[in-house]
Q: 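Handing you a structure now.
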Amino acid sequence: MAKKYVIQGQKILKGEIEINGAKNAALPAICATLLAPGEHKLKRVPRVRDVFCMLKIMKHLGAEVIFENSTLKIDTSKINKYTVPYELASQIRASVLFLGALVGITKEAEVPQPGGCSIGKRPIDLHIKGLELLGSEITLVHGNLIVKNSGLRGCEIVLDFPSVTATENLMMAAALAEGETIIRNCAKEPEVFFLGEMLKKMGVKIKGHGTDTIVIKGKKKLHPVEIEVIPDRIEAGTYMVISALFEENEVVLKNFCVEYLETPILKLKEIGAEFEKVGKKSFIVKKKPPLKNTKIVTAPYPGFPTDLQPIFAVLLTQANGVSIITENLFENRFLYVYELNRMGAKIDVENRTAVITGPTKLVGSPVKATDLRAGAALVIAGLLAENTTTVYEVELIERGYESIVEKLKKVGAEIEVVEGGIEDS
Ligand code: UD1
């Protein structure tokens, strides 16, 4: 049965919110356990739909999985299949990460080519080019990528764009390749750094992860690891904005890493918020009116993250003047705008630019999530708006936010999960 969130807006939020482990760090880490047969233990793994979907694929391949609370035990010693089923892969874009993990452990693997998704085309040419340079042969047969190799060899790869999952795929493949691989112009995201640390723990000689050049000396045999997933910077950024919605709000964000969020934090301060450290890894974010308009340009890390632009767009509807958001990564990431406008926002979109005129009063209405972050943005709009907002297609939000409803309720939000989708009403 489909679900919806029903939100009574304009409630003051006070209390603590614990930040989970990062979805985008957990997903490649789960794949990387394939590189070393044996029992791995991943701690602080978020209980979100994308993780559960990835684990279904792991079980299909032959892994034994125990997921209790946030600790994930994966035994990869009995992997006996190297084909990722379309029914599961089609639910999660990150299934493309199985390419890099499987190519090193078998001579032939099959992974469905991911299609486009609502935020854009999302090609994988960089993944394929890099894996071919490492010595694999890739052909597309009936929508599936057949990856063959007779031994991977280290090489030099220059990425045309610092793609996150392409960098991660190539790191995993290079970890088992013979000799040295140098990946230039690679992604510098904290999640890429984390994967590098995990590979290092597994026995790979790796340096430069977290910079634009990674050097990897492959090793034939790696060993299983125990590692804790880094905090989710996008989840933390989302709750920061929620805390900054009303002057009386006082939300303490617990257990996250401010260094991962330097650019969005600077932006939030520029718009009108104060940060106060209230513990070793805890912060309080407070609105400091009047909110000022700004310009946001999304870019690879350490630039402004594309995943946070819909979240900031909601706050900017409350800022004085005209704000401009330029989306440089995904061509279709403004679909949430039409729903926000139905709530009273004034946003014009042309190609990759959204022009937000503020401040505008938001009034509750039924709205539909179009993707994960768009969905979170609509929940924020519901918290801000007068009256009742009903958010449909919330399964998309649960792909990446663990217990979002419980967390918000705990700090005083009036939000309920109600059974029924648009088709049922
Ligand atoms: C990852 C994140 C996603 C985040 C995105 C950008 C995971 C599981 N997902 O996605 O949540 O929104 O980074 O921070 O970590 N590109 C190509 N060819 C390729 C690969 C990418 O042209 O082969 C382009 C894309 O179309 C896009 C840009 O590169 O314009 C960046 O995308 P990329 O970094 O690859 O995003 P993902 O790794 O898919």
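Indexing begins at 1, ligand by ligand and atom by atom, following the structure's order.
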Q: What I want to check is whether the side chains of S77 and D75 have a donor and an acceptor closer together than 3.5 Å.
A: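 A pair is found: one side chain offers a donor N or O, the other an acceptor, under 3.5 Å apart.
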
Q: Can you establish whether the number of heavy atoms outside E331 located under 6.0 Å from its atom CD is more than 12?
A: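 Check passes, neighbour count above 12.
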
Q: Quick check on the 6.0 Å ring-centre criterion: do F312 and F304 meet it?
A: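 Yes, close enough.
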
Q: Within 45 degrees of the ring normal and closer than 6.0 Å to the centroid, is that where the cationic atom of R47 sits relative to F67?
A: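 Output yes; distance and angle both within limits.
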
Q: Should E406 and K409 count as an ion pair when the cut-off is N to O under 4.0 Å?
A: no

Q: Can you list every protein residue that has a heavy atom under 4.0 Å from any atom of ligand 1, sorted by chain and residue number?
A: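 N24, A94, R122, P123, I124, D125, L126, H127, F161, S163, V164, T165, T306, D307, L329, F330, R333.
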
Q: Looking at every non-hydrogen atom in both residues, tell me the closest pair between N80 and G62 and how far apart they are.
A: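 So the minimum-distance heavy-atom pair works out to OD1-CA, 3.9 Å.
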
